[in-house]
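See structure below.
Hydrogens, waters and symmetry mates play no part in the numbers below; they use all other heavy atoms, side chains included. The first residue in the sequence is number 1, and the count goes up from there.
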Amino acid sequence: MKAVLCVEHGPPEKLVMKDVPTPEPGRGQVRISVKAVGVNFPDTLIIQNLYQFKPALPFSPGGECAGVVSAVGDGVSDITVGDEVIAMTGHGAMAEEVIANRGQIVKMAPGMPFDVAAGFTMTYGTSHHALKQRGALKPGETLLVLGAAGGVGLTAVELGKVMGAKVIAAASSDEKLALCREMGADEVINYATEDLKERIKALTNGRGVDVIYDPVGDRYAEPSFRGIAWNGRYLVIGFAAGAIPALPLNLPLIKGASIVGVFWGAFTQAEPALHQQNMEELLRWYAEGKLKPHVSRHFALDEGAAAIRWMMDRKALGKIVLTV
């Protein structure tokens with residue numbers, strides 16, 4: 001079988017396409033014939049050895065995929081060959097076949113396209129866990145989403161509306177903000193041309209926002225935090241803009257606000273039962289038509305390096321996927 005491999009750490013241009021042996025599932029595992037692979041920001045980090053998880057070389061990037069079960073290991077009784085599934089593997093998914101543990105798998109919703117399924121778990125899972133468990137977002141509250149047109153950002157916009165919040169989407173171009181409007185954002189801020197803190201103040205009549213969803217970091221963190229409401233929650237998702245910000249700690253003090261870390265990958269391992277409940281709710285919302293995943297671009301498997309470069313250059317609107 002063919003796989004995209006990281007044989008030495010570095011930029012995506014160092015990735016290679018190779019023939020490797022088809023893996024066999026062990027106890028509690030299944031093998032999946034991959035149909036599509038979701039590309040995510042952690043893929044840009046893991047190949048540079050900058051991510052929290054550091055697999056041994058050589059390895060295939062790709063943390064999530066969708067496909068058809070092709071083999072089942074001992075001890076797995078509720079998944080059979082031919083089932084259409086989503087797998088959250090962490091890495092290894094940029095290949096024609098992948099091994100996944102039973103706990104990493106959920107069955108696809110009926111009629112769900114493979115490309116949509118491949119990009120569903122990590123982005124919606126991250127945002128759902130962030131807003132529900134970490135941010136305790138309540139109906140009627142105001143949610144600010146930074147990087148709102150990206151993979152996780154756009155799902156936060158959607159989920160914020162499903163959960164009954166007023167959503168303010170912030171992004172770096174009018175094109176991105178138009179997409180956020182299409183996905184349900186009530187208000188938008190172009191932080192490339194507008195003063196982020198002042199726009200938050202104007203859009204909330206000086207009250208501030210209850211929850212801030214921040215996958216961007218860098219220079220956008222402090223001005224957005226200065227626009228947080230009393231008892232607000234600032235969700236630390238990631239640092240797509242580059243630098244890890246250093247917030248003055250007098251700001252959460254005077255706002256009575258919380259800075260809350262969101263590490264979805266660790267959550268899925270630490271609280272697997274709750275993660276399973278979250279996925280069931282998300283797939284139900286999808287089946288009910290409440291969620292409409294936006295896949296903006298498809299790459300072939302042998303274009304894996306180009307897809308990760310597209311992600312690194314922050315060109316993605318919603319999800320990008322590899323099709324196998």
Side-chain angles (χ1 to χ4, degrees), residues 23 25-32 34 36-38 40-43 45-46 51-56 59-81 83-93 98-110 112 116-137 151-152 155-156 159 162-163 213 215 233 235-238 260-287 291 293 319:
R27 183 170 182 81
Q29 296 180 324
V30 304
R31 187 178 68 214
I32 301 165
V34 178
V37 184
N40 296 283
F41 185 69
D43 295 323
L45 301 176
I46 201 168
Y51 196 51
Q52 292 94 329
F53 300 126
K54 301 181 185 296
F59 68 90
S60 176
E64 61 179 347
C65 65
V68 179
V69 174
S70 58
V72 177
D74 292 340
V76 178
S77 59
D78 58 340
I79 296 287
T80 60
V81 171
D83 283 348
E84 296 182 347
V85 298
I86 302 169
M88 177 64 197
T89 59
H91 68 277
V98 67
I99 297 294
N101 297 324
R102 174 62 189 90
Q104 297 173 315
I105 295 169
V106 295
K107 292 184 179 181
M108 289 168 50
M112 196 177 201
V116 169
F120 190 83
T121 309
M122 187 176 289
T123 51
Y124 281 101
T126 296
S127 295
H128 184 266
H129 169 56
L131 298 178
K132 185 172 184 176
Q133 278 93 33
R134 304 301 288 154
L137 182 66
V152 290
T155 62
L159 289 168
V162 171
M163 296 169 73
Y213 182 100
R233 288 84 74 198
L235 303 177
V236 182
I237 311 298
V260 186
V262 180
F263 189 1
W264 179 75
F267 159 73
T268 65
Q269 298 181 30
E271 302 182 62
L274 186 55
H275 163 58
Q276 191 68 27
Q277 292 174 23
N278 283 358
M279 289 308 303
E280 289 170 0
E281 183 168 59
L282 286 168
L283 287 167
R284 184 173 68 252
W285 285 346
Y286 172 82
L291 303 177
K319 287 296 298 189

By salt bridge (charged side-chain N to carboxylate O under 4.0 Å, His left out), Glu281 pairs with (sequence neighbours left out) Lys132, Arg284
Would you say that His91 contacts Phe53 through its side chain, given a criterion of any heavy-atom pair below 4.5 Å between the two side chains? no
| Are side-chain heavy atoms of Tyr213 and Val262 found at a separation under 4.5 Å? | no
About how many Å separate [atom2] of [Y] and [atom1] of [X], when rounded to the nearest 0.5 Å?
X      : Y      : atom1 : atom2 : value
Ile99  : Gln104 : CD1   : CD    : 10.5 Å
Lys107 : Ile86  : NZ    : CD1   : 12.5 Å
Thr126 : Arg134 : OG1   : CZ    : 13.0 Å
Trp285 : Tyr124 : CH2   : OH    : 11.5 Å
Leu291 : Thr155 : CG    : OG1   : 9.0 Å

Considering all heavy atoms, the nearest [X]-[Y] contact:
X      : Y      : value
Ala87  : Ile105 : CB-CG1, 4.3 Å
Ala136 : Arg233 : O-NH2, 3.1 Å
Ile237 : Ala130 : CD1-CB, 3.9 Å
Val116 : Pro293 : CG1-CG, 3.6 Å

For the backbone of Val152 and the side chain of Ser127, can you confirm whether one donor and one acceptor N or O come within less than 3.5 Å of each other?
yes
query: So, Trp264 versus His128, ring centres under 6.0 angstrom or not?
result: no
Applying ring-ring contact (aromatic ring centres under 6.0 Å, His included) to Phe41 and not counting sequence neighbours gives none
Applying side chain to side chain contact (heavy atoms under 4.5 Å, CB included) to Gln276 and not counting sequence neighbours gives Val106, Glu280
Report, one line per pair, each donor and acceptor closer than 3.5 Å where one atom sits in a side chain of residues 74-81; sequence neighbours left out.
residue, atom, partner, partner atom, Å
Asp78, OD1, Arg102, NE, 3.0
Asp78, OD2, Arg102, NE, 3.3
Asp78, OD2, Arg102, NH2, 2.9
Thr80, OG1, Asp83, OD1, 3.3
Thr80, OG1, Asp83, OD2, 3.4

Show me the side-chain donor-acceptor pairs of residues 63-71 shorter than 3.5 Å, one per line, residues at least two apart or across chains.
residue, atom, partner, partner atom, Å
Glu64, OE1, Thr121, N, 3.3
Glu64, OE1, Met122, N, 2.8
Glu64, OE2, Asn40, ND2, 2.9
Glu64, OE2, Lys319, NZ, 3.1
Ser70, OG, Arg31, O, 3.3
Ser70, OG, Arg31, NE, 3.0
Ser70, OG, Glu97, OE1, 3.0

Taken in chain and number order and not counting sequence neighbours, the residues that satisfy side-chain hydrogen bond (donor to acceptor under 3.5 Å, both in side chains) with Gln133 are His129, Asn278
